[in-house]
2 protein chains.
Amino acid sequence: MSGKAIFYHAGCPVCVSAEHGIANALDRSRYDVEIVHLGEDKSRITQAEAIGVKSVPALVLDDTVFHINFGADIADLK
Amino acid sequence: MSGKAIFYHAGCPVCVSAEHGIANALDRSRYDVEIVHLGEDKSRITQAEAIGVKSVPALVLDDTVFHINFGADIADLK
């Protein structure tokens, strides 16, 4: 295990597509993958924003943020 | 091997970051990963557009397009 991956989403169709695609395609032998639903777990929004997440779905790999397509602005999840 | 992944990029800094992050984090035991530099291989632009790629970097997983952050519009690569 060499890395940490956090997939932030909000349950939107774009998010589900990205989760089924990219999040599930990651190499689990190298990445500890955590899936966070910011719509249901609003306590994690502050952390996501601190890392640099602007919209969901987003994949954070070892503190580097990758915004995937566009589902929702993180500000709209509060 | 269950899937086909194509990572389209154009050598821009955003592209390189995404390639080092997401493309390299994919499970190579399940995905055949191809890296295509559209700036150097313009003959692939038509194919990318046909799949639905609008900008780079983009990751196509089994015909589903995921645009990652934003580096360049594909129209600007022609």
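All chains are named by letter (A, B, ...) in the order of the sequence lines, taking the proteins before the strands, and each is independently numbered beginning at 1.
In this structure, A/Lys54 places its NZ atom where only 12 or fewer heavy-atom neighbours from other residues, nucleotides or ligands lie under 6.0 Å away.
B/Gly21 and A/Phe66 get closest at one heavy-atom pair: CA-CZ, 3.9 Å.
Placement of A/Tyr8 and A/Ile68 in two distinct hydrophobic clusters is found when ILVMFWY residues are connected by side-chain heavy-atom separations under 4.5 Å, directly or transitively. Hydrophobic clustering of Ile, Leu, Val, Met, Phe, Trp and Tyr side chains at less than 4.5 Å, counting indirect connections, unites B/Val56 with B/Ile51. Residues B/Val65 and B/Phe7 are members of separate hydrophobic clusters, defined by side-chain heavy-atom contacts under 4.5 angstrom among Ile, Leu, Val, Met, Phe, Trp and Tyr. When the side chains of ILVMFWY residues are joined at heavy-atom separations under 4.5 Å, either directly or via intervening members, B/Phe70 and B/Ile45 end up in two distinct hydrophobic clusters.
Taken from CG in A/Leu26 to CG in B/Asp27, the straight-line distance is 9.0 Å, to the nearest 0.5 Å.
At a 4.5 Å heavy-atom cutoff, the contact between B/Ser17 and chain A is made by backbone and side-chain atoms alike. For a residue to count as touching a neighbouring chain, one of its non-hydrogen atoms must lie under 4.5 Å from one of that chain's; by this rule B/Asn24 touches chain A with the backbone only.
Between chain A and the residues B/Leu61, B/Ile22, B/Val14, the most heavy-atom pairs under 4.5 angstrom are made by B/Ile22.
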